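Just so you know, these numbers come straight off a predicted model, no measurement behind them. We use all heavy atoms of the structure for the numbers below, so side chains are in, but hydrogens, waters and symmetry mates are not.
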Amino acid sequence: MGHRGNDSNENSQQTDIGAALRNGREILFQAFNWESHKHDWWRNLERKVPDMGRSGFTSAWLPPATHSFAPEGYLPQNLYSLNSKYGSEHLLKGLLQKMKQHKVRPMADIVINHRVGTTQGHGGMYNRYDGISLSWDEHAVTSCTGGLGNRSTGDNFHGVPNIDHTQLFVRKDITAWLQWLRNNVGFQDFRFDFARGYSAKYVKEYIEGAKPIFSVGEYWDSCNYNGHGLDYNQDSHRQRIINWIDGAGQLSTAFDFTTKGILQEAVKGQLWRLRDPQGKPPGVIGWWPSRAVTFLDNHDTGSTQAHWPFPSNHIMEGYAYILTHPGIPSVFYDHFYDWSDSIHDQIVKLIDIRKHQDIHSRSSIRILEAQPNLYSAIIGEKVCMKIGDSSWCPTGREWTLATCGHRYAIWHK
């Protein structure tokens, strides 16, 4: 068996890095989708901040705020320019100020695997950064993507120069930029984009240097499939995510892509998938819940890209699962604000139950049923839930129905 996270004796970091992880009561909100750059985004979000705060979100992940070659923000060039297709630096600062007032921490999307060059250098490639701040030369670019640096320490992001994090001058500049985002701009949390692209040990160094309150990494690779669909056993998939968290010094969480992959098949009448052979949840939350950020969809898997979407008619079962279970749940903008008032209110109700019953990232879980059309579990000995078509309710008169909807129900004591 691989490494299972040890949640009972974590070494105490400085309060600012480790406190949120130890507390385990984060509820995240992804505050954009793939089309947001078309809709005056910082202004739109500012209007929604009071509702985000009331709903119980502790942190909102914003799209990349820096100048980018592509409007969505994922082809950065001038890292110190905060004028983007999402809005001006002035509007961004206003949004961050409002979030502070409503106690929702702003999470910056950190895109440091690759960077679009400004001028041609070695080999005629655009692999230099003359004329803008952080004016690196070709040695900042990995040799595998046309630079004069070392080989990449991870997977290549194709079609654009990949940053060579083995170079000390690069790491010093990135750390200083992250400190600027954290201390001057007003971001408090970080989300590391395309974390497969460079060694996790650099994420550890950047977190130690900039001291975000909370961090999450996007370590996304394919689940294990066979000729008939998704494998029941995804242990090697979750192990790779856990290895990344370990490599980052256990200072960051990671998105639980394993749980997403399993849950979106399970809700289609295969709920037996939600119990692993040891009787635990089958995703990263089954092994290291305090470092697992659970989610149903994001701007890549859902939205208009829809690379790997959660089945839309089962969204509330999905939220009934992640918002009652261990781990750190995250809610997607589209589901919360674009689908219907009813879905918004049902999600708020689930968040409310999670908070009032004090479910947290390390809450205990006992899975009672995992059949094709029925999954039920008791979490933290205080909350009982079921999803699926089959009718079911807990035995014992101490349970009171807290909420229910299409194919889900939650009880508390």
(request) Go through the steps to decide whether Asp130 and Ser135 satisfy the test side chain to side chain donor-acceptor pair (under 3.5 Å), and finish with yes or no. (result) CA-CA 5 Å; Asp130 302 304; Ser135 49; 6.0 Å; no
(message) So, taking the atom named OG in Ser55 and the one named CZ in Phe29, what distance separates them when rounded to the nearest 0.5 Å?
(response) 8.5 Å
(message) Can you tell me how far apart CD (Glu205) and OG (Ser199) are? Round to the nearest 0.5 Å.
(response) 10.0 Å
(request) Would you tell me whether Glu317 and Tyr375 have side-chain atoms, one donor and one acceptor, within less than 3.5 Å of each other? (result) no
(request) Would you please name every residue forming a salt bridge (Lys or Arg N to Asp or Glu O under 4.0 Å) with Lys355, sequence neighbours left out? (result) none
(message) Checking side-chain polar atoms at under 3.5 Å, does Asn150 have a donor or acceptor matched by the opposite partner on Thr166?
(response) yes
(request) To the nearest 0.5 Å, tell me how far Ser376 OG sits from Arg366 CZ. (result) 10.0 Å
(message) I'd like to know if the side chain of Glu72 pairs up with that of Ser68 as donor and acceptor (distance under 3.5 Å, no hydrogens or angles considered).
(response) no
(request) Measure centre to centre between the rings of Tyr333 and His299, then say whether the value is under 6.0 Å. (result) no
(message) Show every salt bridge (charged side-chain N to carboxylate O under 4.0 Å, His left out) that has at least one partner inside residues 252-274, sequence neighbours left out.
(response) Lys260-Asp297, Glu265-Lys268
(message) Under a plain distance cut-off of 3.5 Å, with no hydrogens placed, do Thr301 and His307 share a side-chain donor-acceptor pair?
(response) no
(message) Side chains of Asp300 and Gln305 only: does a donor on one sit below 3.5 Å from an acceptor on the other?
(response) yes
(request) Looking only at non-hydrogen atoms, find the nearest pair between Thr294 and Pro329 and report the distance. (result) OG1-CA, 3.3 Å
(request) With ring pair (Phe, Tyr, Trp, His ring centres under 6.0 Å) as the test, would you mind laying out the steps for Phe32 and His37 before giving the verdict? (result) CA-CA 9 Å; Phe32 66 101; His37 62 90; over 10 Å; no
(request) Report the relative orientation of the aromatic rings in Phe257 and Phe255; use parallel for angles under 30°, tilted for 30 to 60°, perpendicular for over 60°. (result) perpendicular
(message) Just by distance, no angles: are the side chains of Ser342 and Asp345 close enough, under 3.5 Å, to form a donor-acceptor pair?
(response) no
(request) Decide, yes or no, whether a salt bridge links Lys48 with Asp51 under the criterion of side-chain N to carboxylate O below 4.0 Å. (result) no
(request) Could you tell me how the ring of Phe157 sits relative to the ring of Phe194: parallel (under 30°), tilted (30 to 60°) or perpendicular (over 60°)? (result) perpendicular
